[in-house]
Amino acid sequence: MSRARFSNVTKERRRRASLRDALLFDVVAPDSRGESLIAEQRVPHFNHIPLIIALAHAFAIAALVASMGLNLPIIAPLAGALLFDFAVWGLLLKRDQWGISPHAMTRFLTIFVASAWGLWIFLALQVEQMTGSMSHGAHILFGCIAALMTMTVIASPPIAVVSGVAAIIFLHLGVGNFSLTASASMLALGTIGYSIADARTMIALARRRIILDEKAHQALRFVTEFESSGRGWFWETDSQGTLTYVSGQLANDFGCSTEDLLGRQFIELIAADDADEERSLGFHLSAKFPFSDMVVKSALEDESYWSISGNPIFEDRGRFLGFRGMGTDLTEQRRSEEEITRLARFDSLTGLPNRAMMRATLDEALRNAARRQKGCALFLIDLDRFKNVNDTLGHPVGDALLRQVAERLTSVMGTHGQVGRLGGDEFKAVLPGVVETGLLESLAKTMIEQVSRPYEVDGHRVTIGASIGIAIGDPGRSCADSMIRNADLALYAAKAAGRGQHSFFQTSMHSEASQRQILENELRIAIERDQLSMVYQPIVRAAGEDVCGFETMVRWEHPTRGSISPERFIPIAEECGLIGKIGAWVLDQAVAEAASWPDDVRIAVNLSPIQFNDPKIVEIVAGVLQRHCLRAERLELEITEGVFLGESATTDETFAKLKSLGVRLALDDFGTGYSSLGYLKKAPFDKIKIDQSFVRGASIAGSRNGAIIKAIVTLAESLGMDTTAEGVETFDDLALIRELGCSQIQGYIFGKPGDAEKARELAEATTVEPDGFSSQREPRQRLMRRAVMSSQGREVEVRLRNISIMGALVEGEVKVAPGDRIALNIVGVGPVGGHVRWATSHRFGMQFDAQFEMGRLAPKKETKPDMTSSWHVAPDRWRHAEGE
Ligand code: C2E
Ligand code: MG
Ligand code: MG
């Protein structure tokens, strides 16, 4: 129905139908579904018209036969009309079947009524002609017929009008009696008026009903649609709160029929244990207050929740009839809300609390710590080599692995704390109230141990490791941010210490971190300003003393800090991505330098694992060899076990490609890392470099290093690899290394790393003399202390430059010779006795008679050995002192 039409109709609702509507409604084609419905309803009311006309015709026939006998010219048309009346009646009854529209039928009826009147007027005139005048009885009969007719057609105004007008004409023409004519005419007009008035009301009412019906239908459609969608249900109660209507869906939910629910109290649908809600609902119901979106727990067994709304119903006079409303099921919505909350707080992969939740847990733990005056601890757990698993076996395996890791971590943590996942391979644990380092240490160790056990994922056997940084928060003083930062620094330290370890935060880590940052910035500048240089250390064939190659090492001469050890800046370069640049430069310099050496002298270059994993490494190495025309065989790349930490499918490929270039590969610092012998089997190394920690002092009585070196040498020999002993400093060690069968030797005994010029000289000289002490000395402490020396009855003031438990380096204008007995009275320490081992004009070495207690020097001061592993503090050795 169009809008305009609808507004018209609503206006019609308020008043009666118009006169025009009343007169024409039955004969004009309807313009809407509603109108045609009304028309359809009206037509059956006209069914009696032909019957009554037939009755009138029958009357007329009877009356005329009685008064005039069988006068065929009069009686025959009336009989024909009588038959026609029945035919019309039949037509009316069959109208539906024959598909005759109401307005067509009414038009036909109007014509039919008009023609009946026509016939009667005609017959009345005929009778009058025949008889000269109509008898009084005939008048009354015709008058009655007219009245009867008029009343029969009252149902439809157009027919009534036609019939009424015809009746008046008929009476006027056929009945000479004025008073009868006048009164019958009045009756006819009255009938018309009544018919119109009735039609106006009836049509208006019908229209109103149609509108209501349409609305009701629409409402019903909405209701049915809503109820069948399962989104909610309707309910209605009487004034006693007894259900008079519920949607079928609700009955379904209760597993009964709607009838079973009707008659029950509405409040029975609500769970009795939800006391607050029940009370609130009860209040609204008894106070007859409307309520909306009230969340209640249903009496259903599945713990579902509803949102219900209801309105009290009052009749026009204000009597309360009951409540009517609707309910919706909130269970799904609640579930999805819960799911959303869960997703926002938990990691979807492992089900562990996520970063945000862990942060909240830490905040809470710290608040509690402040209240209970008990600290709390934080673990940052980082998986080692996880990326490798992801890269080689794919993310699904990585995901499955992370789930297993999560399980192991939580099972170790138990009730001590909460484990969460921060993302990637990072986990975190908050341990409220746990501060004992013993417990924390054992938890961390167990976690690392458990995480490092092999995993079985999708038929793959996977092994990873873990590093843990631990920060302990003080009650009331620590904040979450600083704890996280501290744990992060501790984790960094754990990783730097070689992974697979745990580390507690120490305040010095902060300064280390900022130092590292400063150094990183300065390193960038150093590269730009050419502050890096190269040194070369000879590698000597153990069997003779000929130089078979050099290892090149990078140096950083800082303008203000002096030399900075590569052990310090190389890890920084690795972290900040500078290693590629530095490494490529070192390689280029070294190969260029080596190209000028005799053809049998090799150059060894250290390759950081990061450089090794650079997809371009093979290209870089090949390029450098080609550029400087160096035989690949002369280049030896020193790789540490760190390469295998990030092992991926490409590691083997890189090994193979480098090997196919023809370069030699050496496994550097063997024995200091994970030392899995598996590497040796897999990677095509030409040489193993035995780390100096095994070599140095191997000859000292009781050292087990000799046995280890022997084992390594045997292993290397059986694999067809060379061995280089690093860090050979003394003749004793040299002799032992030779005896153990190492093929090459590198160490201070054959020379410290020197500049390119020195390397060139050595390379050309082909052999190098060993130079050093016969045996390893005790670590000595540098000092500057005055002492009084007594020798051969004389006392002279001297200065001590360094001291160890076995002896001291003494400076002074004294004449002594090896073997002389002397006594020293050291200021602040006291007397010590011994003899001279060696002497120059102003220095001599003294060996004590008994071991010197170093603690006597400065009991409160920390003793610092003079031999440091970093190159920039020149190892202060007796022999170098001697040489000076
Ligand atoms: P590395 O490759 O094992 O190098 C041997 C280190 O031992 C060198 O220290 C060398 O000076 C020292 N050394 C050699 N003989 C002796 C000895 O008889 N006694 C003692 N006490 N030390 C000896 P340096 O030059 O400080 O290098 C330390 C580490 O820094 C190297 O260990 C290497 O891992 C790394 N490094 C040095 N230069 C480079 C480089 O150019 N690239 C890369 N990636 N790493 C480098
Ligand atoms: Mg090396
Ligand atoms: Mg080494």
Side-chain angles (χ1 to χ4, degrees), residues 1 33 37 209-315 319-346 348 351:
M1 190 185 287
R33 209 182 127 261
L37 271 176
R209 207 175 48 242
I210 290 287
I211 291 171
L212 289 176
D213 276 2
E214 259 174 30
K215 282 192 161 185
H217 267 102
Q218 203 172 28
L220 196 68
R221 273 198 305 276
F222 284 138
V223 169
T224 326
E225 223 162 79
F226 182 76
E227 287 182 333
S228 59
S229 72
R231 280 194 297 266
W233 39 272
F234 292 105
W235 58 277
E236 192 182 65
T237 65
D238 61 12
S239 57
Q240 304 304 307
T242 310
L243 283 167
T244 51
Y245 178 86
V246 276
S247 301
Q249 188 222 326
L250 189 70
N252 272 354
D253 289 349
F254 275 96
C256 61
S257 70
T258 316
E259 288 68 35
D260 295 333
L261 286 185
L262 300 182
R264 278 168 65 176
Q265 284 290 304
F266 174 65
I267 202 87
E268 286 177 37
L269 303 181
I270 313 300
D273 59 337
D274 205 348
D276 284 348
E277 294 299 353
E278 204 189 344
R279 218 174 299 129
S280 163
L281 181 64
F283 163 75
H284 280 82
L285 292 176
S286 59
K288 304 179 184 74
F289 281 173
F291 54 90
S292 66
D293 297 328
M294 191 178 281
V295 178
V296 293
K297 193 173 167 192
S298 79
L300 289 166
E301 278 161 14
D302 63 357
E303 302 256 301
S304 50
Y305 282 85
W306 294 329
S307 162
I308 51 169
S309 306
N311 274 318
I313 330 163
F314 296 98
E315 68 166 14
R319 194 165 64 92
F320 173 65
L321 297 178
F323 262 92
R324 189 182 293 137
M326 60 178 287
T328 46
D329 193 345
L330 283 186
T331 321
E332 272 313 304
Q333 189 187 330
R334 283 213 160 189
R335 264 187 212 135
S336 57
E337 273 168 13
E338 272 165 26
E339 182 62 13
I340 289 165
T341 325
R342 210 186 63 75
L343 285 178
R345 305 176 77 203
F346 290 87
S348 54

Give the C-alpha distance, both sets of side-chain angles, the deciding distance and a yes or no for side chain to side chain contact (heavy atoms under 4.5 Å, CB included) between Gln265 and Thr242. CA-CA 4 Å; Gln265 284 290 304; Thr242 310; 3.1 Å; yes
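- The shortest distance between side-chain heavy atoms of Leu269 and Ser298 does not fall below 4.5 Å.
- Side-chain contact check for Met326 versus Ile308: every heavy-atom pair is 4.5 Å or farther apart.
- Between Trp235 and Phe266, the distance separating the two ring centers is shorter than 6.0 angstrom.
- To the nearest 0.5 Å, atom CG of residue Leu37 and atom CD1 of residue Ile210 are 4.5 Å apart.
- Partners of Arg264 by side chain to side chain donor-acceptor pair (under 3.5 Å), not counting sequence neighbours, listed by chain and number: Glu268.
- Residues that satisfy the side-chain contact (heavy atoms from CB on, under 4.5 Å) test with Phe346, not counting sequence neighbours, are Arg342, Pro353, Met357.
- The salt bridge (Lys or Arg N to Asp or Glu O under 4.0 Å) pairs that include a residue from residues 234-243 are Glu236-Arg324, where partners are two or more places apart or lie in different chains.
- The six-membered or imidazole ring of Phe291 lies away from that of Phe283, with a centre-to-centre distance of 6.0 Å or more.
- Side-chain contact check for Ile270 versus Lys297: every heavy-atom pair is 4.5 Å or farther apart.
- Nearest heavy-atom pair across Val246 and Thr258 is O-CG2, 3.2 Å.
- Atom CZ of Arg319 is separated from atom OG of Ser239 by 7.0 Å, given to the nearest 0.5 angstrom.
- Applying the side-chain contact (heavy atoms from CB on, under 4.5 Å) criterion to Asn311, with sequence neighbours excluded, gives Pro290.
- Shown here for Thr244 and Leu262, the closest heavy-atom pair between the two residues is C-CD2, 3.4 Å.
- Ser307 meets the side-chain contact (heavy atoms from CB on, under 4.5 Å) test with Asp293, Thr328, Leu330; sequence neighbours excluded.
- The two residues Ala251 and Ser257 make their nearest non-hydrogen contact at CB-C, 3.6 Å.
- At most 12 heavy atoms of other shown residues, nucleotides or ligands fall within 6.0 angstrom of atom CZ in Phe289.
- Here the side chains of Leu285 and Phe323 are in contact, with some heavy-atom distance below 4.5 Å.
- Remark: the backbone N or O of Phe234 is paired with a side-chain donor or acceptor of Ser247 at under 3.5 angstrom.
- By the salt bridge (Lys or Arg N to Asp or Glu O under 4.0 Å) test, Arg221 is found to be paired with no residue, residues two or more places apart in sequence or in another chain being considered.
- A donor-acceptor pair is defined here as one N or O able to donate and one able to accept, closer than 3.5 Å; no such pair exists between the side chain of Gln240 and the backbone of Gly322.
- Here the straight-line distance linking atom CG of Leu220 with atom CD of Glu225 works out to 11.0 Å at 0.5 Å rounding.
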Are Lys288 and Phe314 close enough, and set up right, to give a side chain to side chain contact (heavy atoms under 4.5 Å, CB included), and what steps lead you there? CA-CA 10 Å; Lys288 304 179 184 74; Phe314 296 98; 4.3 Å; yes
Chi angles and distances behind the side chain to side chain contact (heavy atoms under 4.5 Å, CB included) call for Tyr305, Leu300: CA-CA 9 Å; Tyr305 282 85; Leu300 289 166; over 6 Å; no
